[in-house]
Trainee: 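One structure coming up, written as structure tokens, with questions to follow.
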Amino acid sequence: VYNVNLVLKGFCQSGDCDKAMGLFCQMKRNCVLPDSISYNTIVNGLCKAKRSVEARDLFEAMKAGDCKPNLVTFSALIDGLCKNGEVEEGLDLLEEMEKKGLEANVFVYSALISAFCNKGEIERGKQLFDEMLGKNVTPNVVTYSCLMHALCKTGKWQEASQMLNDMTTSRVHPDVVAYTVLADGLCKNGRASDAVKVLDLMVQKGEEPNTLTYNAVINGLCKEGRVDDALKILEMMAKKGKKPDVVTYNTLLKGLSGVGKIEEAMELWELLLSKEFHIKPDVFTLNFLIQGLCKERRLGDAVRIYSTMVQRGFQVNIVTYNILIDGYLNAGKITKALELWKYAVDLGFSPNSVTCTILIDGLCRMQMLRMAKGLFNKKRASGVRPTVIEYNALMASLCRESSLEQARNLFQEMRNVNHDPD
RNA sequence: UCAAGAUUCCAU
């Protein structure tokens with residue numbers, strides 16, 4: 001069973017759940033009875049493959065059979081449901097396990113806290129945190145990291161910094177992930193200098209920053225236009241033997257183009273393209289580059305690079321098209337923009353809400369309000385609720401054209417469909 | 001041998 005379980009895990013991790021399921025069924029036939037670890041591995045694998053319905057079915061089958069769900073089963077399934085957006089169902093499972101006399105552990109609570117924090121409901125995350133304290137479940141470094149992440153995302157970086165101290169006094173030692181969460185969180189709040197201090201602090205405490213940590217700080221510095229400081233971090237990495245990865249280079253490329261050093265960004269791009277270099281550019285690299293070019297009004301160069309790459313079989317995504325469509329619209333080339341949009345759709349790329357906003361906003365600014373309205377109505381008619389941003393874009397244009405009455409109607413409509421105007 | 005946390009892309 002031990003060895004078969006390892007194989008099950010292997011299949012699941014390589015994304016081949018079906019193979020794992022097949023093997024699992026064979027086990028039953030061949031008198032290698034699956035144990036709870038086999039079941040849990042499959043439940044977890046299904047969850048990770050976003051097949052939470054099947055995971056739940058298997059879970060029900062366990063309840064009916066001899067191998068009852070245990071703590072690991074519950075935590076895997078709760079996490080899976082949460083990541084699938086079914087957080088309330090996750091809470092129901094928490095209740096169910098408690099009724100069965102299974103005490104939730106730190107895995108279960110951390111999964112739920114992480115879910116609420118990601119939804120932006122920190123208060124409920126904190127509630128669960130208090131609940132676990134009340135039940136004498138000791139929070140660990142993962143629990144604290146989730147909370148720090150959430151605090152930073154909502155601007156409460158002071159509280160997050162405080163939490164790093166709190167965990168230390170609770171004898172929970174921050175690890176490299178915890179420090180990275182904080183450093184990144186500080187950066188996202190425009191406090192790159194403080195993030196650099198976190199780097200120093202962790203080294204002092206004997207935790208080595210890894211590539212992700214450095215990338216977060218490099219990003220923070222670049223966002224503040226401090227590309228030279230970011231390059232110093234790159235040197236620091238080299239000294240310590242930490243390898244930059246494609247994210248590192250992407251971040252720097254974007255940083256360079258952000259401070260107008262588009263030529264240097266191009267050089268970096270060429271470096272990544274060269275055969276001898278060990279890191280290959282990805283779609284982020286391309287997108288950053290063409291966006292930088294568009295910003296510099298070098299739309300032609302952007303399109304040329306995009307075309308060359310596509311010809312070479314490079315995989316682009318909808319964001320690539322969004323950037324180029326936006327570029328065309330900003331250059332007043334409406335026909336080209338619409339052509340490209342159609343082309344992307346024909347290739348099978350699904351326009352996302354950003355695509356729509358770009359088009360609506362762009363058309364509005366081109367005095368083509370009527371076309372924008374058409375797009376908006378088409379979307380509404382097909383049953384898709386326009387986003388707040390799209391309402392805003394259209395309302396802004398209507399106001400600009402002094403069609404106040406129509407703008408007011410839209411505003412009213414937003415409230416009717418339960419959109420909170422921002 | 002099974003479960004929870006971190007870094008880079010587009011628009012208002």
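Within every chain, numbering begins at 1; the chains are lettered A, B, ... in the order of the sequence lines, protein sequences first and strands thereafter. Because only heavy atoms are used, hydrogens play no part in the values below, and waters and symmetry mates are left out as well, while side chains stay in.
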Trainee: Which nucleotide, B:rA3, B:rA4, B:rC9, lies nearest any side-chain atom of A:K254?
Mentor: B:rC9
Trainee: Could you tell me whether A:N105 contacts a base, only the sugar-phosphate backbone, or nothing, with contacts defined as non-hydrogen atoms closer than 4.0 Å?
Mentor: base
Trainee: Ignoring backbone atoms, test whether A:Q13 places a side-chain nitrogen or oxygen under 4.0 Å from the OP1 or OP2 oxygen of B:rC2.
Mentor: no
Trainee: Under 4.0 Å between a Lys/Arg side-chain N and an Asp/Glu carboxylate O for A:E98 and A:K135?
Mentor: yes
Trainee: Taking CG from A:D326 and C1' from B:rA11, how many angstroms apart are they, rounded to a whole number?
Mentor: 6 Å
Trainee: Distance-only check: which donor-acceptor pairs under 3.5 Å involve side-chain atoms of residues 140-149 of chain A, not counting sequence neighbours?
Mentor:
| residue | atom | partner | partner atom | Å |
| --- | --- | --- | --- | --- |
| A:N140 | OD1 | A:V142 | N | 3.0 |
| A:N140 | OD1 | A:T143 | N | 3.2 |
| A:N140 | OD1 | A:T143 | OG1 | 3.0 |
| A:T143 | OG1 | A:S110 | OG | 3.1 |
| A:T143 | OG1 | A:N140 | N | 3.1 |
| A:T143 | OG1 | A:N140 | O | 3.4 |
| A:S145 | OG | A:V141 | O | 2.7 |

Trainee: Within the pair A:K223 and B:rU7, is there a side-chain N or O less than 4.0 Å away from OP1 or OP2?
Mentor: no
Trainee: Choose from B:rA3, B:rC10, B:rG5 the nucleotide whose nearest atom is closest to any side-chain atom of A:A76.
Mentor: B:rA3
Trainee: Does A:E224 pair with A:R226 as a salt bridge, N-O distance under 4.0 Å?
Mentor: yes
Trainee: For A:V4, report the nucleic acid contact type (base, sugar-phosphate, nothing); a contact means any heavy atom under 4.0 Å.
Mentor: nothing
Trainee: Need one value for A:N140: base, sugar-phosphate or nothing, where a base atom within 4.0 Å counts as base even if backbone is also close, heavy atoms only.
Mentor: base
Trainee: Measure from the ring center of A:Y39 to the ring center of A:F59 and say whether it is less than 6.0 Å.
Mentor: no
Trainee: Below 3.5 Å, does any donor atom in the side chain of A:D175 face an acceptor in the base of B:rG5, or the other way round?
Mentor: yes
Trainee: Mind checking if A:S110 touches a base, just sugar-phosphate, or nothing, with heavy atoms under 4.0 Å?
Mentor: base
Trainee: Can you check the A:L253 CG to B:rU7 P distance for me, whole Å?
Mentor: 20 Å
Trainee: Any pair with a residue in residues 14-26 of chain A that passes side-chain hydrogen bond (donor to acceptor under 3.5 Å, both in side chains), sequence neighbours left out, goes on the list, sorted by first then second residue, please.
Mentor: A:D18-A:R51
Trainee: Considering only B:rU8, B:rC2, B:rU1, which nucleotide approaches the side chain of A:V247 most closely?
Mentor: B:rU8
Trainee: Between C1' on B:rA11 and CG on A:L324, what's the gap in Å once rounded to a whole number?
Mentor: 14 Å
Trainee: Between P on B:rU1 and CZ on A:F11, what's the gap in Å once rounded to a whole number?
Mentor: 19 Å
Trainee: Side chain of A:N322 only, please: which of B:rC2, B:rA3, B:rC10 is the nearest?
Mentor: B:rC10
Trainee: Please work out if A:A178 contacts a base, only the sugar-phosphate, or nothing of the nucleic acid, heavy-atom cut-off 4.0 Å.
Mentor: base
Trainee: Does a side-chain N or O of A:K9 approach OP1 or OP2 of B:rA3 to a distance below 4.0 Å, or not?
Mentor: no
Trainee: For B:rA3, does either OP1 or OP2 sit under 4.0 Å from a side-chain N or O belonging to A:K83?
Mentor: no
Trainee: Measure from the side chain of A:T180, starting at C-beta and using heavy atoms only, and say which of B:rU8, B:rU1, B:rA6 lies closest.
Mentor: B:rA6
Trainee: When you compare the ring of A:F107 with the six-membered ring of B:rA4's base, are the centres less than 5.5 Å apart and the planes under 30° from each other?
Mentor: no
Trainee: How many whole angstroms separate atom CD1 of A:I323 from atom P of B:rA11?
Mentor: 8 Å
Trainee: Measure CD1/A:I218 against P/B:rA6 and give the value in whole Å, please.
Mentor: 20 Å
Trainee: Where do A:V176 and A:P209 come nearest, in terms of heavy atoms and distance?
Mentor: CG2-CA, 4.3 Å
Trainee: Starting at atom CZ of A:F288, determine the distance to atom P of B:rU7, rounded to an integer number of angstrom.
Mentor: 14 Å
Trainee: For B:rA4, does either OP1 or OP2 sit under 4.0 Å from a side-chain N or O belonging to A:K48?
Mentor: yes
Trainee: Rounding to a whole Å, what distance do you find between A:Y306:OH and B:rC10:C1'?
Mentor: 15 Å
Trainee: For A:V181, report the nucleic acid contact type (base, sugar-phosphate, nothing); a contact means any heavy atom under 4.0 Å.
Mentor: sugar-phosphate
Trainee: By nearest atom, which of the nucleotides B:rA11, B:rC10, B:rU7 is closest to the A:V319 side chain?
Mentor: B:rC10
Trainee: Taking the minimum atom-to-atom distance to the side chain of A:L6, which one of B:rA4, B:rU1, B:rA6 wins?
Mentor: B:rU1
Trainee: So that I can tick it off, tell me whether A:K232 and A:D228 are bridged by a salt bridge, with the cut-off set at under 4.0 angstrom between side-chain N and carboxylate O.
Mentor: no
Trainee: Counting side-chain heavy atoms from C-beta on, which of B:rC10, B:rU8, B:rC2 comes nearest to A:N40?
Mentor: B:rC2
Trainee: Side chain of A:L212, heavy atoms from C-beta onward: which of B:rU7, B:rU1, B:rA4 has the nearest atom to it?
Mentor: B:rU7
Trainee: Just call it for A:N210: base, sugar-phosphate, or nothing, with non-hydrogen atoms closer than 4.0 Å on any strand.
Mentor: base
